[in-house]
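In this text, all values refer to a predicted model and were calculated from it rather than measured experimentally. Order of the sequence lines sets the chain letters (A, B, ...), proteins ahead of strands, with each chain counted from 1.
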Number of protein chains: 2
Amino acid sequence: MNLQSEQADTKDSILNAAECLFAEKGYSGTSLRVLTGKAKVNLAAVNYHFGSKQALLEAVIKRKITPLNQIRRKRVEEVRRQARKEGRRPDANDILYAFIEPTLRFRENERGAKDFVTFIGRSFADPDDTVRKIFFRFIQPMFQLLLEAMREALPHLSENIIFWRLQLSMGALFHTLHICEDIDMDHLNIKDLDADSMVNLILPYLSAGMKS
Amino acid sequence: MNLQSEQADTKDSILNAAECLFAEKGYSGTSLRVLTGKAKVNLAAVNYHFGSKQALLEAVIKRKITPLNQIRRKRVEEVRRQARKEGRRPDANDILYAFIEPTLRFRENERGAKDFVTFIGRSFADPDDTVRKIFFRFIQPMFQLLLEAMREALPHLSENIIFWRLQLSMGALFHTLHICEDIDMDHLNIKDLDADSMVNLILPYLSAGMKS
DNA sequence: TGTAGATTCATACAATTGATTAAAACACAT
DNA sequence: ATGTGTTTTAATCAATTGTATGAATCTACA
């Protein structure tokens, strides 16, 4: 067995560099050479430690999405539980808040989380199909939970409508979080907005749309 | 000078194949070999007729975006003119309708337009920066017009807010139009929805969000 | 200190990329 | 029919891609 910290250093360097570069240039747009260059490790290190570029992608996603989804799931279910306890339907706004607030908080606090969230937005359109598939596998249960909760909150709307309004919400959210890294308009600063301000910016929009 | 129809056939074959493949796999994900293969022309034809892959991209975008933007601009300005004539502010819903309805109508009617609209959604996240830049150049004036119109319609909101709500709207719209090609859920069919149904699905959401 | 196992390293591999070239094939006016 | 300018074709270019290999280096325990 080797010294833990050494191995961890290399693996973590690769994961961190991948997270950053995947956010900036996408999975398909990032070569292992610039990736290992940024991580300051040998080119072969990726295949040695992860097996392949695709396996690295899975590791990058899993590392961040697992704890994030855990929080979001807890928060959403807490909203449903609270509503049930009070004998009423959950509110769509509360559900969205329970999903969005941890996402943006996470994005603000955790190291590299901003890159990761940007990466999510990018992945929906990656040239490589496997990227979408892998992401889908990790996101699907969370989306399903949101769907259930929203059906409770908005019983007068068909499942069809709710489904597509949730898609619209996801598109709005991740597109905005993705491109806000690109935009550097002088008077329209959002890049450095804190989590609360971003929630205040985005939540009312999504909430109104869901209930419309 | 050569026979017009021959040259046009080759160039158009390339443009059509590019449109389709760019929608399916993105610009960076499409190689000139599979592209010329699909178009049933020689590999060198792209560089001969367009100069480079990037020049082809510009041609693909320009061909469809120019007439589409012309219609949308006319429609949006008609909404503003009508409101001014009646001495009132334009309605946000009318502005959105003037933008979205031609987009979805176009998507439904014109040959290859569905692919093109899908391609737009994909391009926001293409690994190649130049794709985003080229698209931005063509979309920017239209976005600016929407921004102006919305400031008229929603004078109580800051330019900042309107800007980001428009971004949210664009994200919602193009993400949904993009992924709806992927989704084939048995009971949640949207793929073959006609333009009117899609407007009815999307417009209330965006409208409520903008006004929220 | 010496050895076994884990890690790093430089190098090479086959495949694919966009682009270029020169010759062949073509169209058309004279 | 001949010649001219355009288009198509096959072949090749250098560059980049993810991956694989074997030797070198390092770590930890005897």
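Defined by atom type and a distance below 3.5 Å, a donor-acceptor pair is missing between the side-chain atoms of Ser28(A) and Asp128(A). Asn160(B) and Arg165(B) form no side-chain donor-acceptor contact under 3.5 Å, judged by distance and modelled atom types alone.
Taking only side-chain nitrogens and oxygens, His49(B) comes nearer than 4.0 Å to OP1 or OP2 of dT8(D). Distances shown here put every side-chain N or O of Thr10(B) at or beyond 4.0 Å from the OP1 or OP2 atom of dT7(D). Under 4.0 angstrom from either OP1 or OP2 of dA10(C) there lies at least one side-chain N or O belonging to Asn42(A).
Separating the CG atom of Asp12(A) from the P atom of dT7(C) is a distance of 14 Å, rounded to the nearest angstrom. Taking atom OH of residue Tyr48(B) and atom C1' of nucleotide dA10(D), one finds them 17 Å apart after rounding to whole Å. If you measure from atom CZ of Arg33(A) to atom C1' of dA20(D), you get 12 Å, rounded to the nearest angstrom. Taking atom CG of Leu32(B) as the reference point, atom C1' of dT17(C) lies 8 Å away to the nearest angstrom. Protein atom CG of Asn47(A) is 13 Å distant from nucleotide atom P of dT8(C), rounded to whole Å. Taking atom CG of residue Leu43(B) and atom C1' of nucleotide dT9(D), one finds them 10 Å apart after rounding to whole Å. For the pair Lys11(A) NZ and dT7(C) P, the interatomic distance rounds to 9 Å; values are reported in whole Å. Rounded to a whole Å, the CG atom of Leu57(B) is 12 Å from the P atom of dA19(C).
Each of Val34(A) and Gly51(A) has a nearest nucleotide on DNA chain D; the 5'-most of these lies closest to Val34(A).
A cation-pi arrangement, defined by a distance under 6.0 Å to the six-membered ring centre and an angle within 45 degrees of its axis, is present between Lys11(B) and Phe50(B). Under the 6.0 Å distance and 45° angle rule, Lys64(A) does not count as a cation-pi partner of Phe138(A).
Annotation for Arg151(B): atom CZ does not count as buried by contact number, only 12 or fewer foreign heavy atoms lying within 6.0 Å.
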Salt bridge (charged side-chain N to carboxylate O under 4.0 Å, His left out) for Arg72(B) and Glu101(B)? Distances and angles first, verdict last.
CA-CA 9 Å; Arg72(B) 297 195 286 204; Glu101(B) 197 274 340; over 6 Å; no
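Nearest heavy atom pair, residue Asn47(B) against residue Ser52(B), reads OD1-CA, 3.6 Å. Nearest heavy atoms, Ala208(B) versus Ser212(A): CB-CB, 3.4 Å.
Taking every heavy atom of residues 17-31 of chain A and every atom of DNA chain C, no pair lies under 4.0 Å.
Here the options are Phe22(A), Phe119(A), Phe124(A), the test is ring-ring contact (aromatic ring centres under 6.0 Å, His included), and the partner is Phe135(A); only Phe119(A) passes.
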Taking only nitrogen or oxygen atoms into account, show me every contact under 3.5 Å that the protein makes with nucleotides 21-26 of chain D, one pair per line with its distance.
none

